Amino acid sequence: MGARMVVPLAAARTAASAEPPAFDATFRDGLDALFAWRRDVRCFRTTPLDAAEYDALLAAACRAPSVGLSQPWRLVRVRDDARRDAIRAIFKASNAQALALQPTERAGLYARLKLAGLDDAPEQLAVFVEPDPATGHGLGRATMPETVAYSAVLAIHTLWLAAAARGIGVGWVSILDPTAVAHALEVPAHWQLVGYLCIGYPAEPSDVPELERAGWERRRPLADLLVER
């Protein structure tokens, strides 16, 4: 018989056997404050983000849960001025169409809203989804294939919270033609746009949603949203 190999205890431990951290009341209070101050930011300072901090946000996004552990999100950092100009033009055209659809009594208010931070945000990130990723081997998608896109949304939300915890704002620009954005960024034709994000330090930090401050809408209480069966 060959010699028996002895594996050190530390090497034999798996991540699953590690002791979880204890989240105390102080942490929970801070987490509640993070939820309250996590805003959809449209007004940014032009101050560049620290490269290490930005990398940390992207890493946080990739720790988000995903259906079948498929990690179907595809992140495109948009740095080229010409491509940013193209995205800005797509937004302006899409916004003009949206304004034309507003009822007369709300058109003036809509026109006054600042709906994107494309001019000032130092970072822009397009989040696409690979609709049929090989990773995950299809687990969990046969009955609800839309969970692939939901996974990309969770990646965005994870990045959003990580950013807010660092005093960094995120704005989700949805008034865009997805096909035109994909063309402008020259991504694979089958990728689907989930979100276009502006990222930077907020010029006007607030714990009240900007659309509420502008008089567009107010948050509804839990009682209006909860159904029990």
Side-chain angles (χ1 to χ4, degrees), residues 38-42 44 48-49 51-98 115-164 166 168-200:
R38 191 263 347 127
R39 298 270 58 84
D40 189 6
V41 176
R42 283 82 181 273
F44 293 91
L49 294 184
E53 283 212 306
Y54 188 73
D55 288 345
L57 299 186
L58 300 184
C62 291
R63 287 197 295 271
S66 60
V67 61
L69 197 56
S70 57
Q71 292 185 285
W73 47 80
R74 302 293 182 264
L75 310 178
V76 180
R77 186 180 185 183
V78 184
R79 308 181 74 177
D80 180 74
D81 288 340
R83 295 190 194 274
R84 287 191 174 196
D85 287 343
I87 299 299
R88 190 178 294 106
I90 295 167
F91 168 78
K92 288 181 178 179
S94 299
N95 196 42
Q97 293 173 0
L115 297 174
L118 295 168
D119 293 334
D120 299 322
E123 293 289 344
Q124 296 181 24
L125 183 72
V127 181
F128 292 85
V129 67
E130 165 65 63
D132 188 23
T135 50
H137 307 285
L139 179 65
R141 306 192 324 243
T143 52
M144 294 185 67
E146 62 271 24
T147 52
V148 177
Y150 296 166
S151 299
V153 173
L154 283 168
I156 291 173
H157 190 240
T158 302
L159 180 151
W160 212 328
L161 291 176
R166 293 168 168 80
I168 297 170
V170 176
W172 187 328
V173 186
S174 60
I175 307 174
L176 292 168
D177 178 341
T179 302
V181 171
H183 178 75
L185 300 182
E186 295 185 280
V187 300
H190 66 286
W191 285 10
Q192 298 172 0
L193 181 68
V194 173
Y196 194 93
L197 309 180
C198 294
I199 305 174

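Only a predicted model underlies this, so the values are computations on that prediction, with no experimental measurement involved.
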Is the closest side-chain heavy-atom distance between [X] and [Y] below 4.5 Å?
X	Y	result
Val76	Phe128	yes
Ile175	Ser94	yes
Cys62	Leu75	yes
His157	Leu161	yes
Leu125	Leu58	yes
Ile168	Tyr54	no
Leu118	Arg84	no
Glu130	Trp191	yes

Looking at every heavy atom in both [X] and [Y], which two are closest together, and how far apart are they?
X	Y	answer
Val181	Leu176	CG2-CB, 4.0 Å
Trp172	Val194	CZ2-O, 3.2 Å
Ala184	Arg83	O-NH1, 2.7 Å
Phe44	Ile199	CE2-C, 3.9 Å
Pro122	Pro48	CB-CA, 4.0 Å
Ala61	Leu159	CB-CB, 3.9 Å

Counting heavy atoms not belonging to His183, are there more than 12 under 6.0 Å from its NE2?
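No - once you tally the heavy atoms of other residues, nucleotides and ligands closer than 6.0 Å, there are 12 at most.
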Please confirm whether the backbone N or O of Ser66 pairs with a side-chain atom of Gln71, one donor and one acceptor, at under 3.5 Å?
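Answer holds: no.
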Looking at Thr147, is its backbone amide N or carbonyl O close enough to the side chain of Arg141 to form a donor-acceptor pair, meaning the two atoms are under 3.5 Å apart?
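Side chain of Arg141 to backbone of Thr147: no pair is present.
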Spacing of [X] atom [atom1] and [Y] atom [atom2] [to the nearest 0.5 Å]:
X	Y	atom1	atom2	value
Leu57	Arg166	CG	CZ	5.5 Å
Leu185	Tyr196	CG	OH	6.0 Å
Leu197	Trp160	CG	CH2	7.5 Å
Asp80	Gln124	CG	CD	11.0 Å
Ile90	Asn95	CD1	CG	13.5 Å

Looking at Arg88 and Asp85, is there a salt bridge between them, counting it only when a charged N and a carboxylate O are closer than 4.0 Å?
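Salt bridge between Asp85 and Arg88, a charged N being under 4.0 Å from a carboxylate O: yes.
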